[in-house]
Amino acid sequence: MRIIRLDEEKKQNILEGLLKRDPNQYGQYADTVQQIVDDVKMRRDQALFEYTEKFDHAKMDASTIRVTEEEIQEAMDKVDPSLLSVMKKSMENIRDHHSRQVRQSWFSSRPDGTILGQKITALESVGVYVPGGKAAYPSTVLMNIIPAEVAGVERIVMVTPPGADGKVNPVTLTAAHLAGATEVYKVGGAQAIAALAFGTQSVPRVNKIVGPGNIFVALAKKAVYGHVSIDSIAGPSEILVIADETANPRYVAADLLSQAEHDELASAILVTTSMELAQAVSKEVDQFLETLSRRAILEKSLENYGYILVTDTLDEAIQTANEIASEHLEIATKNPFEVMTKIRNAGAIFIGEYSSEPLGDYFAGPNHVLPTNGTAKFFSPLGVDDFIKKSSIIYYSKDALRKAHRDIEAFAQSEQLTAHANSIRVRFEDEEETAE
């Protein structure tokens, strides 16, 4: 890996380079995606089946697009029992963590007859997109569905591309069933997002769409935002490690590669105060590359967005991490909890040398659907809050309103909204006349 002694100019160049991975930068695909979205909106099932045959080489119709109970049972029978056991343990941790996020409606009353509050309501329906193809990502299924189930969403609709045989990957389907999906449809790509957003004869529309996907899925989510809610426009995966001279270079190298193997746009960055550690990590990376199966992807990812940045002070390293705002942030320093208190921007923070990033991906419980491309400066991990909505509760007795009505009328008059003022005034016009 390239080693760079960091200065302000180099830092800005790296930040600009990382931001180029943002899905919003891929405008050349936007027109194609918009055409697919519009076509599904207009021709509904007919367009959906045509795109599924074109892109996934699977023939679908209204009788086969929805996964049946028999298909679910068939899938579960094919899953290795040991993997099934691990998935159930992971589910327990994920459900326990997200159950602690559940909010309750609240009300506050005052002696003057005022009651204010907030009503928490789960969304009625959510669509979960899960990538398909050759790979299966049951962890992503669990991370997207379980928070919705915990929140109380009644209809959790999963969509995922079918294989050419018209079937869903057995592990993916098993995870969806265990996590609480109420419906599963064999459709992927931008056409699946459009179907969830607008509805077709076979696929019902939903209130919100979550889940990762390729650039076409990401841009389709952007295109339908406003018709439905979405979680975010996810970019490529990324990891940043803050380390000092006490860190284990072999552990750090392994963790950097754990994210670089996702795809060629993934970023893996070490920020350290130790040149000796930097050099040791670089050597360990080279040794790991000799044995890891996804070597071609790893090498391209490191060539594009892999950096070892050496800073003069730990505070400078922390400042750099906050500016990059990485999806995953590991802290491998002498006092990692002290460093953690200074971190403002990160999707998930892993503390200490035995809290490696894959622990969060698969097992610990916190969600692995995280903000990318610097959006950790204003976005949070996927959680129960993403599957609820809030309504304000307002009650004033006549006595309570009487005390405030002139203030409200004056405020409305100042904005020249006389009907607003009148709406308050009419409730006390008899009293005004009596007073006169």
Side-chain angles (χ1 to χ4, degrees), residues 21-23 87 90-91 93-102 122-123 126-132 135-151 153 156-160 172 175-176 178-181 188 192-193 196 206-215 217-222 225 228-240 258-259 262-263 265-267 325-330 345-350 357-388:
R21 304 173 309 139
D22 189 333
M87 285 169 56
S90 176
M91 283 178 58
N93 292 339
I94 296 167
R95 181 166 283 111
D96 177 71
H97 177 81
H98 288 85
S99 294
R100 299 172 191 274
Q101 299 177 356
V102 174
L123 300 181
V126 169
V128 176
Y129 187 92
V130 175
Y137 299 101
S139 61
T140 296
V141 176
L142 302 183
M143 291 290 183
N144 280 274
I145 292 178
I146 290 176
E149 188 265 340
V150 169
V153 178
I156 304 174
V157 181
M158 190 182 90
V159 294
T160 190
T172 298
L178 293 176
I193 301 300
L196 290 173
V206 296
N207 298 131
K208 185 167 187 173
I209 301 172
V210 302
N214 61 20
I215 186 63
V217 171
L219 290 176
K221 287 169 71 176
K222 181 181 178 182
Y225 177 65
V228 292
S229 179
I230 63 171
D231 51 352
S232 64
I233 308 294
S237 189
E238 52 201 25
I239 185 171
L240 187 147
S258 73
Q259 290 307 289
H262 272 293
D263 62 63
L265 293 176
S267 74
S326 185
E327 177 187 18
H328 307 98
L329 172 66
E330 290 188 5
N345 304 319
I349 303 172
F350 299 80
E357 187 280 334
L359 173 65
D361 269 356
Y362 295 110
F363 202 75
N367 212 288
H368 78 200
V369 180
L370 303 166
T372 58
N373 270 92
T375 60
K377 293 178 180 177
F378 46 84
F379 278 145
S380 304
L382 190 73
V384 170
D385 278 357
D386 288 286
F387 300 101
I388 64 167

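Side-chain contact between Ser267 and Glu327: absent, with no pair of heavy atoms (C-beta onward) separated by less than 4.5 Å. Side-chain contact between His328 and Leu370 is present, with at least one heavy-atom pair separated by less than 4.5 Å. A heavy-atom distance below 4.5 Å is found between the side chains of Val217 and Asn214. Proximity of Val210 to Val126: side-chain heavy atoms (C-beta onward) are separated by under 4.5 Å at one or more points. A 4.5 Å side-chain heavy-atom check between Asp361 and Gln259 finds at least one atom pair inside the cut-off. At least one side-chain heavy atom of Asn367 sits less than 4.5 Å from a side-chain heavy atom of Pro147. The shortest side-chain heavy-atom distance between Asn144 and Tyr129 does not fall under the 4.5 Å cut-off. In this structure, the side chains of Thr140 and His368 come closer than 4.5 Å at one or more pairs of heavy atoms.
Glu238 and Ala325 get closest at one heavy-atom pair: OE2-O, 4.0 Å. Heavy-atom minimum distance, Val228 versus Leu196: CG1-O, 4.5 Å. Taking both residues in full, the closest heavy atoms of Ala376 and Ser326 are given as CB-O, 4.3 Å, listed atom of the first, atom of the second, then distance. Looking at every heavy atom in both residues, Pro131 comes nearest to Gly213 through CG-CA, 4.4 Å. Across every non-hydrogen atom of Ala179 and Leu142, the tightest pair is CB-CD2, 3.9 Å. Between His98 and Gly365, the shortest heavy-atom contact is CE1-O, 3.3 Å.
Between atom NZ of residue Lys208 and atom OH of residue Tyr225 there is a gap of 9.0 Å, rounded to the nearest 0.5 Å. Here Asn373 contributes atom CG and Ser232 contributes atom OG; the two are 10.5 Å apart, rounded to the nearest 0.5 Å. Here the straight-line distance linking atom CD1 of Ile145 with atom CD1 of Ile94 works out to 10.5 Å at 0.5 Å rounding. One finds the CE atom of Met91 at 13.0 Å from the OG atom of Ser139 (value rounded to the nearest 0.5 Å). To the nearest 0.5 Å, the span separating CG on Leu382 from CZ on Phe387 amounts to 4.5 Å. Considering CG of Leu359 and OG of Ser258, their distance stands at 11.5 Å, rounded to 0.5 Å.
Looking at Ile156, Leu123, Val159, Val157 one by one, the single match for side-chain contact (heavy atoms from CB on, under 4.5 Å) with Val206 turns out to be Val157.
Distance alone, capped at 3.5 Å, places no donor-acceptor pair between the Gln101 side chain and the Asp385 backbone. Counting only distance, with no hydrogens or angles, the side chain of Asp386 and the backbone of Gly383 share a donor-acceptor pair below 3.5 Å. Checking side-chain atoms of Thr372 against main-chain N and O of Pro236 turns up no donor-acceptor pair under 3.5 Å.
The salt bridge (charged side-chain N to carboxylate O under 4.0 Å, His left out) test applied to Glu149 returns Arg95, not counting sequence neighbours.
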